[in-house]
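A short write-up of the structure that comes next.
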Number of protein chains: 2
Amino acid sequence: MPKISSKGKAMPESPIRKLVPYAEKATELGREIFYLNIGQPDVKTPDVALQAVKNNTLDIIAYSHSAGNPSLREKLATYYAKHDIHVAKKDILITTGGSEALIFTMGSITDPGDEIIVPEPFYANYYSFSTQSTVTVVPVISKIEDDFALPPIADFEKLITKKTKAILICNPGNPTGYLYSKEEIKQLAALALKYDLFLISDEVYREFVYDDTEHYSILQEADLKDHAIVVDSVSKRYSMCGARIGCMVSKNKKVIATAMKFAQARLSPPTYAQIASEAALNVPDSYYEAVVAEYKSRRDVLVNGLQQIPNIKVSVPRGAFYCIVELPIDDSEDFARWMLESFADQNQTIMVAPAAGFYSSLNAGRNQIRIAYVLKKEDLKRATEILGLALKEYLAR
Amino acid sequence: MPKISSKGKAMPESPIRKLVPYAEKATELGREIFYLNIGQPDVKTPDVALQAVKNNTLDIIAYSHSAGNPSLREKLATYYAKHDIHVAKKDILITTGGSEALIFTMGSITDPGDEIIVPEPFYANYYSFSTQSTVTVVPVISKIEDDFALPPIADFEKLITKKTKAILICNPGNPTGYLYSKEEIKQLAALALKYDLFLISDEVYREFVYDDTEHYSILQEADLKDHAIVVDSVSKRYSMCGARIGCMVSKNKKVIATAMKFAQARLSPPTYAQIASEAALNVPDSYYEAVVAEYKSRRDVLVNGLQQIPNIKVSVPRGAFYCIVELPIDDSEDFARWMLESFADQNQTIMVAPAAGFYSSLNAGRNQIRIAYVLKKEDLKRATEILGLALKEYLAR
């Protein structure tokens, strides 16, 4: 039998999906599960987006422009301007989800063996896309004690080699919920300029910031013109993860022209989803305000509930909709599996993501879990109760 | 300024898009262009697919299963069974277009520096996806004199090295229109088994076969169970190129499990497009019959028209909707540009794809063009007239 590639073997399994068979079994046994493991929002997709697709008048679903529909790119530029990010249509390349924006970015700026420095813990698929591009992720450790704030710049500098091509951040962070301050972004910008590195910022959770904090984009740093690449997506913003529309934004003309060659090879992003995405950009500011208020109150319910549980550490998220929790256990994957296989309270249990999958350092994060607070408040309250009860029983075994 | 990757620099520009600026200029000047350059069918997408999207009742556009909706995979298995291809849901992975199926396939079976042997001329994006995967395309030459039939197996054998991982064919072929016979497929199967190579077959034009010939899939070769990987797409079959739904089909469990890791990393294929694709599979056989009859008559009109032009060679296509034509000129890119810039008959001209982009051998195909016969018959007839007139004038300059 011919062999699978080394690259294919090295591709990690999703830390979230690993436990799915156990969840399926629990469901078969009639158990109710609260899913805290994935970032699939339960918020309704804006009606204006749903209706635009229902009312479309296409009779041939033809290829669109490889860079995405010009009207969608125009509208995105207007959206960014509202966020004090001044980019033009030509600086935007529509991709099939933020995922493809990351793949195009890595393809455009890295060759096999190159390195990208990423604050750890990080979105697990950064590791997958790096493996796919045979690029090495070099983790720089951020700590739960600091709510996963930016590690000292000196820590980054120690890791920079001739092979370093970029620094990649997620702001606000999945899985940390940390929102980088303007000051931190300026430090990173100075670092990127000093070593002539790309600074890639995954800003798909831009709108999800709480506590009167403000999101500061790397694209607001004028000096970073040739160094900044932003990855974005409509998935979370408009609760349309299944649309698969994202984009890559950069004022570096060579970067966009190179990514465009990758875009042409795959022909075009999906047509229906572009219709939905363009319409979604018509939502009034009140839409974002309502969604953010809802997530903020969910965050409060979750953190409140977690703080009742003894001996755990909670990193209070200021953005996105994830929260890392450190538990007084050795192996959160075992604990998460145990909750699905062997635990129930009133026939209910929870599914969480073991955090080790968000770290590339050996054995890091093994006592942590990631919770996505994408459920309604009553469910989140009950889920934290279950977590407390489960932990008590697990420790007492 | 930080540097673009070598890989990014090496990515080819689309041979089809290169001339777009000239076409845009000609259009601005009020010239009418017949577009023979791209395989975007003008056939209406089946109404059942369009209506399924209009009538969808989703209120959250959520991630689908990373392998694609189970119902879509089930239905595809039934579709294949009708073609005497016996595969199960688990052998099918839904991808974002045939493009992504090729990317996942290359990622699953090749590492940087590996080689894939491809009969030349080939679909230009095979070269792009190989470059993206830092894999080397090794061309094996097929000839217009043989209508681009399978090159002798000895020619393949000469090119096999330790780095050869697969043979990749397109059947029926883009850009050649050649349909491999059952005998040729059996020869390739024996070769793949002898050297333990994967045999990848791009069968997106499966339905488009003419002259009472029959398509024979590599998946019909029982011995090839672990070696066969089929790339497929709904794009051409149902005239829905913009949907971006394809699939990868293999009975090799390791291949599918590995590709699934790539699929999980990018989360899911587009939701709306999966709805359209599943509905499209409900079209009756009469749909395919009507479409094939239409393309066959277009093929006949085109070939007839071309055969009136002196001193050109036409490879008569038996499948797909492309035709390679050899012209008595040195540089078909110059000729194609000239037709857009400097030629018109009754204010009309044509746009064709220079064939060099479908070859990786140096200077090969420079006197050839590819014509996509995706226009209605009157337009094709007129287009061949224009080609004849343009060629005469070009040669007389």
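Protein chains get the first letters and strands the later ones, always in sequence-line order, with residue 1 at the start of each.
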Portion of B/P46 that has a non-hydrogen atom of chain A nearer than 4.5 angstrom | neither
The interface call for A/T96 against chain B, heavy-atom contacts under 4.5 Å, is side chain
Is the backbone N or O of B/K9 less than 3.5 Å from a side-chain atom of A/K261, with the two atoms forming a donor-acceptor pair by type?
-> yes
Of the non-hydrogen atoms in A/D59 and B/K44, which two are nearest, and what is the gap between them?
-> O-CG, 3.2 Å
dist A/M260:CE -> B/E13:CD (nearest 0.5 Å) comes out at 9.0 Å
To the nearest 0.5 Å, atom CD of B/Q264 lies from atom OG of A/S99 at 12.0 Å
Donor-acceptor under 3.5 Å (B/K54 side chain, A/N56 main chain) = yes
Side chain, backbone, both or neither: which part of A/L50 has a heavy atom under 4.5 Å from chain B?
-> both
Cut-off 4.5 Å, heavy atoms of chain B, and the answer for A/T134 is side chain
Applying a strict 4.5 Å limit to non-hydrogen atoms, the region of A/A276 in contact with chain B is side chain
Please name the pair of heavy atoms, one in B/K3 and one in A/F198, separated by the smallest distance, quoted to 0.1 Å.
-> O-CE1, 3.5 Å
Contact origin within B/F129 toward chain A - heavy atom pairs under 4.5 Å | side chain
Find the distance between OH (A/Y272) and CD1 (B/I275) and round it off to the nearest 0.5 Å.
-> 9.5 Å
Okay, A/D226 and chain B: the region with an atom under 4.5 Å from a heavy atom over there is both
Max heavy-atom pairs within cutoff under 4.5 Å with chain A, candidates B/M106, B/K254, B/Q274, goes to B/K254
For A/S5, does its backbone N or O pair with a side-chain atom of B/D111 as donor and acceptor, under 3.5 Å?
-> no
If you round to the nearest 0.5 Å, how far is SG of B/C241 from CG of A/L267?
-> 8.0 Å
Given a strict heavy-atom distance threshold of 4.5 Å, which part of A/S66 is in contact with chain B: side chain, backbone, both, or neither?
-> both
Side chain from CB out, backbone as N, CA, C, O: work out which of these in A/Y123 comes under 4.5 Å of a heavy atom of chain B, or both, or neither.
-> side chain
Close side-chain approach of A/R266 and B/N125, heavy atoms under 4.5 Å | no
Could you give the distance from CZ (B/F262) to CE (A/M11), rounded to the nearest 0.5 Å?
-> 4.5 Å
Heavy-atom side-chain proximity of A/S268 to B/R244 below 4.5 angstrom = yes
Go through the atoms of A/Y63 and report whether side chain, backbone, both or neither lie under 4.5 Å from a heavy atom of chain B.
-> both
Honestly, the part of A/N252 sitting under 4.5 Å from a heavy atom of chain B is side chain
When A/A243, A/S64, A/A259 are compared by non-hydrogen pairs under 4.5 Å with chain B, the top option | A/A243
Turns out that what part of A/I103 lies under 4.5 Å from chain B's heavy atoms comes down to side chain
Measure A/T45 against the heavy atoms of chain B and call it side chain, backbone, both or neither at under 4.5 Å.
-> both
If only atom types and distance count, is the side chain of A/T258 paired as donor or acceptor with the main-chain N or O of B/G8 below 3.5 Å?
-> no
Contact class of A/P12 relative to chain B, heavy atoms under 4.5 angstrom = backbone
Heavy-atom pairs under 4.5 Å with chain A are the metric here; pick the option from B/G107, B/S128, B/S14, B/A62 that has the most.
-> B/A62
Side-chain contact test, heavy atoms from C-beta onward, threshold under 4.5 Å: evaluate it for B/L197 versus A/P2 and give yes or no.
-> no
Rounding to 0.5 Å, atoms CG (A/L193) and CE (B/M1) come to a distance of 12.0 Å
Side chain / backbone / both / neither for A/P270 at chain B, heavy atoms under 4.5 Å = both
Going by heavy atoms in the side chains, are B/I60 and A/V43 under 4.5 Å from each other?
-> no
